[in-house]
Amino acid sequence: MPHTDVLIYTRTSGYRHESIPAGAAALAELAEAAGFAAERTEDPEVFTPERLGACAAVVFLSTTGAVLTPEGRTAFEAYVGGGGGFLAIHAAANAEPDWPFYGDLLGTRFDGHPEIQPGVVCVDTHDHPSTAPLPGRWEWTDEWYNFTSNPRGTGVRVLARADESTYRGGTLGAEHPLVWSREAGRGRVFFTALGHSPEAYGDETFRAHLAGALHWVAGDGSRSPHASPKL
């Protein structure tokens, strides 16, 4: 089955972000611009081997709490291990709290945040399509997520971090990660902690960040004339 689709999943069983509609619309636009068919859903029953088999990427957009059925978990784990792409955005770090595989896949879990405020994102590398469009020091306003542990050393490649000296409430110090990627089995996984507000999804720099992430997890640059090559 050809991998022609991007599945944008927005189910929540905990806190629900007001930015989900804007984020889902932006991601659908980015997917379609890259030549994919985009499906937005909150139905856990779509997580079957057959449906995921058509997906170049699955996006968890600020999903919170338990969002998959046991059957869906099995299908999703097989999908990623078999070569599927997974893009996790913002509160997706707070999804599936009782599923060890999911925590291992991301490398850490959400551990609260200070109030939304301006700060600076330090981009450590520009050789990834998600960070290539970003300045080295990116002034941004967000919730500045903290995590239960630093995922460095768990197989992730940290691409950008928070400068905790530019805002209040950081707990991870100078190496506070915000954006990272990893390979899991034959699949690709990408996480960005950014994207709290609806306004973020209209920001051209942030949209370029998401577009690069989507191209990378989809993996095959031949699917779109604008896609970045494999790294």
Side-chain angles (χ1 to χ4, degrees), residues 6-10 12 15-36 38 40 57-64 85-95 106 110 113-147 157-170 176-181 189-218 224 226-228:
V6 171
L7 184 67
I8 302 164
Y9 193 52
T10 58
T12 57
Y15 180 82
R16 187 170 183 86
H17 278 74
E18 293 180 358
S19 59
I20 285 176
L27 285 159
E29 290 172 3
L30 296 173
E32 289 163 2
F36 297 107
R40 290 174 275 181
V58 171
V59 182
F60 276 24
L61 173 61
S62 285
T63 46
T64 57
F86 177 48
L87 171 55
I89 299 172
H90 197 54
N94 200 22
L106 290 186
F110 169 76
H113 60 78
E115 71 276 12
I116 187 169
Q117 60 191 295
V120 171
V121 178
C122 297
V123 179
D124 291 329
T125 178
H126 287 91
D127 67 351
H128 191 282
S130 68
T131 52
L134 306 181
R137 288 181 61 82
W138 181 23
E139 296 182 0
W140 186 247
T141 297
D142 219 297
E143 284 184 323
W144 307 103
Y145 273 12
N146 295 314
F147 302 99
R157 180 190 184 202
V158 175
L159 305 172
R161 56 192 164 82
D163 181 346
E164 290 192 356
S165 72
T166 63
Y167 70 95
R168 301 175 303 277
H176 185 142
L178 289 176
V179 178
W180 60 84
S181 64
V189 176
F190 186 95
F191 174 71
T192 180
L194 308 175
H196 168 73
S197 69
E199 293 77 16
Y201 296 92
D203 182 273
E204 289 304 315
T205 302
F206 186 61
R207 286 170 68 98
H209 171 57
L210 294 180
L214 185 60
H215 287 321
W216 186 79
V217 298
S224 167
H226 305 293
S228 301

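Keep in mind that the numbers below use all heavy atoms, side chains included, and drop hydrogens, waters and symmetry copies.
- No side-chain heavy atom of Val179 sits under 4.5 Å from any side-chain heavy atom of Val121.
- The backbone N or O of Gln117 sits less than 3.5 Å from a side-chain atom of Trp144, completing a donor-acceptor pair.
- Closest non-hydrogen pair, Leu87 versus Leu27, comes out as CD2-CD2, 4.4 Å.
- The side-chain heavy atoms of Val6 and Val59, taken from C-beta on, include a pair separated by under 4.5 Å.
- For the residue pair Leu106 and Trp180, the shortest heavy atom distance occurs at O-NE1, 2.9 Å.
- Between the side chain of Ser19 and the backbone N or O of His196 there is at least one donor-acceptor pair closer than 3.5 Å.
- Counting only heavy atoms from C-beta outward, the side chains of Trp140 and Leu134 never approach each other to under 4.5 Å.
- The two residues Ala91 and Thr64 have their closest heavy-atom pair at CB-CG2, 3.7 Å.
- Between Phe147 and Tyr145, the ring planes are perpendicular. Angles over 60° get that label, and only those under 30° would be called parallel.
- With sequence neighbours left out, Glu115 forms a side chain to side chain donor-acceptor pair (under 3.5 Å) with Arg168.
- No side-chain heavy atom of Pro21 sits under 4.5 Å from any side-chain heavy atom of Thr10.
- For Asp124, the salt bridge (Lys or Arg N to Asp or Glu O under 4.0 Å) partners two or more places apart in sequence, or in a different chain, are Arg161.
- A donor-acceptor contact shorter than 3.5 Å links the side chain of Thr131 to the backbone of Thr125.
- Ring orientation note: the planes of Phe60 and Tyr9 are tilted relative to one another, at an angle of 30° to 60°.
- In terms of heavy atoms, Ala24 sits closest to Ile8 at O-CD1, 4.0 Å.
- Under the 4.5 Å side-chain criterion, counting only non-hydrogen atoms from C-beta, Glu29 is in contact with Arg207.
- The aromatic rings of His176 and Tyr167 stand perpendicular to each other, their planes meeting at an angle above 60°, with 30° marking the opposite boundary.
- Scanning both residues, Leu61 and Ile89, for their nearest heavy atoms gives CD1-CG2, 3.9 Å.
- Within 6.0 Å of atom CD in Glu32, more than 12 heavy atoms from other residues, nucleotides or ligands are found, so the atom counts as buried in its surroundings.
- A distance of 11.0 Å separates OG1 of Thr205 from CG of Leu210, quoted to the nearest 0.5 Å.
- Listed here is the closest heavy atom pair of Pro135 and Val123: O-CG2, 3.2 Å.
- The aromatic rings of Tyr15 and His17 sit perpendicular to each other, their planes meeting at more than 60°, with 30° as the lower class boundary.
- For the pair Asp142 (side chain) and Ala200 (backbone), a donor-acceptor distance under 3.5 Å is absent.
- Here the CG-CZ distance, from Leu159 to Phe191, works out to 12.0 Å after rounding to the nearest 0.5 Å.
- Proximity of Cys122 to Arg137: side-chain heavy atoms (C-beta onward) are separated by under 4.5 Å at one or more points.
- A distance of 10.5 Å separates CZ of Arg16 from OG1 of Thr63, quoted to the nearest 0.5 Å.
- With rounding to the nearest 0.5 Å, the separation of CD in Glu18 from OG in Ser62 is 11.5 Å.
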Review point. Going through the distances and angles, do Ser130 and His128 end up as a side-chain hydrogen bond (donor to acceptor under 3.5 Å, both in side chains)?
Key: CA-CA 5 Å; Ser130 68; His128 191 282; 2.8 Å; yes

